[in-house]
Amino acid sequence: MKKQEIIDILSDSTKNDWLFKKADSVRHNFVGDEVHLRGLIEFSNICKRQCKYCGLRSSNKEVERYRLLEDEIFSLAKNGVQLGYRTIVLQSGEDDYFDTDKMCRIISKIKTLDVALTLSIGEKTFDEYKAFKKAGANRYLLRIETTDKNLYADMHPNAKIENRFNCLYDLKSLGYETGTGCLVGLPNQTVESLAEDILFFKDLDADMVGIGPFIPHEHTPLKNTDKGDFWLALKVMSLTRLNLPNINIPATTAMETLNPNGRIIALNSGANVVMPNLTSTEYRAKYEIYPGKICINDQPEKCRSCIEAKIKSIGRTISKDYGFRKR
Ligand code: SAM
Ligand code: SF4
Ligand code: FES
């Protein structure tokens with residue numbers, strides 16, 4: 001699509017139903033009816049960065065910080081495999097305690113479990129990404145958050161958008177399945193810039209794209225900002241499906257936080273992936289990126305059966321394979 005077409009659809013609410021149906025049929029035709037599950041382990045909430053929207057930013061002193069031991073991470077992954085997950089996602093703040101050696105050790109141990117492994121641990125150097133890949137990591141999630149240079153600079157003190165772009169192109173060149181995405185509803189964000197975000201996903205040839213509505217956190221500078229609009233986030237997601245028909249697109253947890261049926265609505269509007277939480281309940285509440293996160297008191301077993309029931313209720317099935325991008 002051309003930028004103007006995307007802007008027109010994003011700005012016209014009479015096109016919503018058409019768009020959601022179209023994205024659902026493109027999803028069906030290109031990636032089928034199977035839903036891929038990814039088991040998410042939030043292994044450290046310690047972060048050196050200052051993203052203005054995020055509850056884990058280093059200057060938030062209200063959050064109780066934790067890091068899991070290597071053995072704890074491995075046993076959560078093992079539990080995930082026993083629950084039938086074929087992909088494990090390791091996510092954290094940018095926590096330098098987990099240096100290259102430690103990460104490589106964790107990666108190679110989890111890879112003995114016969115699973116695909118995704119990392120979501122922020123901006124690293126080319127050599128670090130290369131080492132993780134060599135240790136066995138298959139995929140990497142790094143949202144660009146916004147392609148609007150001024151907005152990016154405003155939201156990310158002391159960070160450079162050029163580095164974020166470089167990281168994504170590095171990951172691609174190293175052969176990772178590369179995931180990116182954006183936040184919808186950041187202050188002063190425009191539909192023009194959301195259209196640019198979608199064009200960037202296409203330019204990168206992203207293998208996965210996660211779109212999440214922004215949800216304000218009370219211990220951040222954006223505490224008094226309006227939350228993102230669920231339907232606008234859904235539209236960005238559906239337009240992403242139309243422009244990159246064969247990629248993996250998650251129904252994000254943030255969508256379910258804003259709408260009790262958010263993940264099912266997303267699965268019916270272009271999404272084909274869900275990322276249930278494998279973190280133990282002891283730590284879930286402390287990984288508070290934004291308030292109202294779902295499932296904070298639920299055990300991994302509960303989430304696994306809950307999501308299976310939801311997926312079956314809309315006539316979809318759970319994939320038994322690793323869920324790489326279908327070419
Ligand atoms: N630290 C890594 C990074 O930033 O790439 C991974 C963890 S970070 C918590 C994962 C994602 O959370 C970010 O890419 C961001 O889009 C999302 N996020 C952070 N704060 C949020 C908020 N207030 N509302 C919605 N999503 C948020
Ligand atoms: Fe840290 Fe990621 Fe939160 Fe930014 S979004 S503060 S990098 S955890
Ligand atoms: Fe966690 Fe439903 S996915 S309880």
Side-chain angles (χ1 to χ4, degrees), residues 37 39-60 63 65 83 89-96 98 118-124 140-146 152 155-159 163-164 167-168 171 179-187 197 209-223 225-228 230 233 250-258 260-264 274-279 281 284 286-311 313:
L37 298 184
L40 176 69
I41 300 175
E42 299 157 332
F43 67 94
S44 165
N45 70 353
I46 297 174
C47 188
K48 66 180 180 191
R49 293 179 58 131
Q50 286 292 359
C51 310
K52 277 190 189 163
Y53 43 79
C54 180
L56 303 186
R57 66 201 302 271
S58 60
S59 57
N60 178 11
V63 53
R65 304 284 172 170
L83 290 171
V89 182
L90 295 182
Q91 193 182 78
S92 68
E94 287 198 15
D95 181 359
D96 288 339
F98 288 96
T118 306
L119 299 177
S120 174
I121 59 175
E123 293 177 26
K124 305 281 171 186
Y140 206 102
L141 301 176
L142 186 77
R143 288 183 177 170
I144 191 69
E145 316 292 0
T146 174
Y152 189 94
M155 291 294 111
H156 303 97
N158 314 320
N163 195 53
R164 199 94 179 159
C167 285
L168 284 161
L171 289 163
T180 189
C182 63
L183 282 166
V184 176
L186 291 171
D197 294 350
V209 173
I211 309 290
F214 158 66
I215 302 168
H217 188 293
E218 63 168 335
H219 297 127
T220 66
L222 300 187
K223 62 181 174 204
T225 310
D226 287 340
K227 62 177 188 275
F230 172 83
T252 56
T253 307
M255 287 193 176
E256 188 108 342
T257 301
L258 289 192
N261 204 25
R263 288 178 299 178
I264 289 298
V274 182
M275 296 170 62
N277 206 324
L278 276 177
T279 317
T281 39
R284 283 189 190 195
K286 295 177 188 151
Y287 199 84
E288 197 189 48
I289 313 172
Y290 49 76
K293 236 178 90 182
I294 58 165
C295 306
I296 55 165
N297 294 316
D298 298 310
Q299 297 289 353
E301 292 68 22
K302 163 94 186 296
C303 291
R304 180 64 180 74
S305 55
C306 162
I307 203 66
E308 180 163 352
K310 281 180 197 265
I311 290 166
S313 77

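Remember, it's 1-based here, ligands and their atoms both numbered in the order they're listed.
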Quick one: which of [options] has a heavy atom closest to [atom]?
atom                    : options                      : result
atom 4 (O) of ligand 1  : Arg57, Arg164, His156, Lys48 : Arg164
atom 7 (S) of ligand 2  : Gly122, Ser58, Cys47         : Cys47
atom 3 (Fe) of ligand 2 : Cys54, Cys51, Ser59          : Cys54

Considering only the protein, which heavy-atom contact is closest to [atom], and what is its distance?
atom                    : value
atom 27 (C) of ligand 1 : Ile289 CG2, 3.6 Å
atom 11 (C) of ligand 1 : Arg143 NH1, 4.4 Å
atom 26 (N) of ligand 1 : Leu183 CD2, 3.3 Å

- Which of the numbered atoms in ligand 2 are below 4.0 angstrom from a heavy atom of Gly93?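 Answer, ordered by atom number: 8 (S).
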Is it the side chain (CB and beyond), the backbone, both or neither of [X] that lies under 4.0 Å from ligand 1, heavy atoms counted?
X      : value
Gln91  : side chain
Pro213 : backbone
Ala254 : neither

Would you say ligand 1 has an N or O under 3.5 Å from any N or O of [X]?
X      : answer
Ile215 : yes
Ser92  : yes
Glu94  : no
Glu145 : yes
Tyr287 : no

Within ligand 3, which atoms have a heavy atom of [X] less than 4.0 Å away?
X      : result
Asp298 : 4 (S)
Cys295 : 1 (Fe), 3 (S), 4 (S)
Cys306 : 2 (Fe), 3 (S), 4 (S)

- Task: Sort out for me which residue in Cys54, Cys51, Pro187 forms a side chain to side chain contact (heavy atoms under 4.5 Å, CB included) with Met155.
- Result: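 Passing option: Pro187.
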- Determine, stepwise, if the pair Asn163 / Glu123 fulfils side-chain hydrogen bond (donor to acceptor under 3.5 Å, both in side chains). CA-CA 8 Å; Asn163 195 53; Glu123 293 177 26; 2.6 Å; yes
- Task: Decide whether the shortest distance between a heavy atom of Gln299 and an atom of ligand 3 is less than 4.0 Å.
- Result: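 Gln299: no contact with ligand 3 (<4.0 Å).
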- Message: As a test of the contact definition, would atom 8 (S) of ligand 1 count as having a protein heavy-atom neighbour under 4.0 Å?
- Response: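 Looking at atom 8 (S) of ligand 1, one finds that no protein heavy atom lies closer than 4.0 Å.
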- Under 4.0 Å from ligand 3, counting heavy atoms only, is it the side chain of Arg263, its backbone, both or neither?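 For Arg263, the contact with ligand 3 is made by the side chain alone.
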- Query: Between Ile307 and ligand 3, which residue portion shows a heavy-atom distance shorter than 4.0 Å: side chain, backbone, both, or neither?
  - Reply: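 The answer is neither; Ile307 stays 4.0 Å or more away.
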- Please answer whether the main-chain N or O of Thr253 pairs with a side-chain N or O of Lys293 as donor and acceptor at a distance below 3.5 Å.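 No, because the side chain of Lys293 does not come within donor-acceptor range (under 3.5 Å) of the backbone of Thr253.
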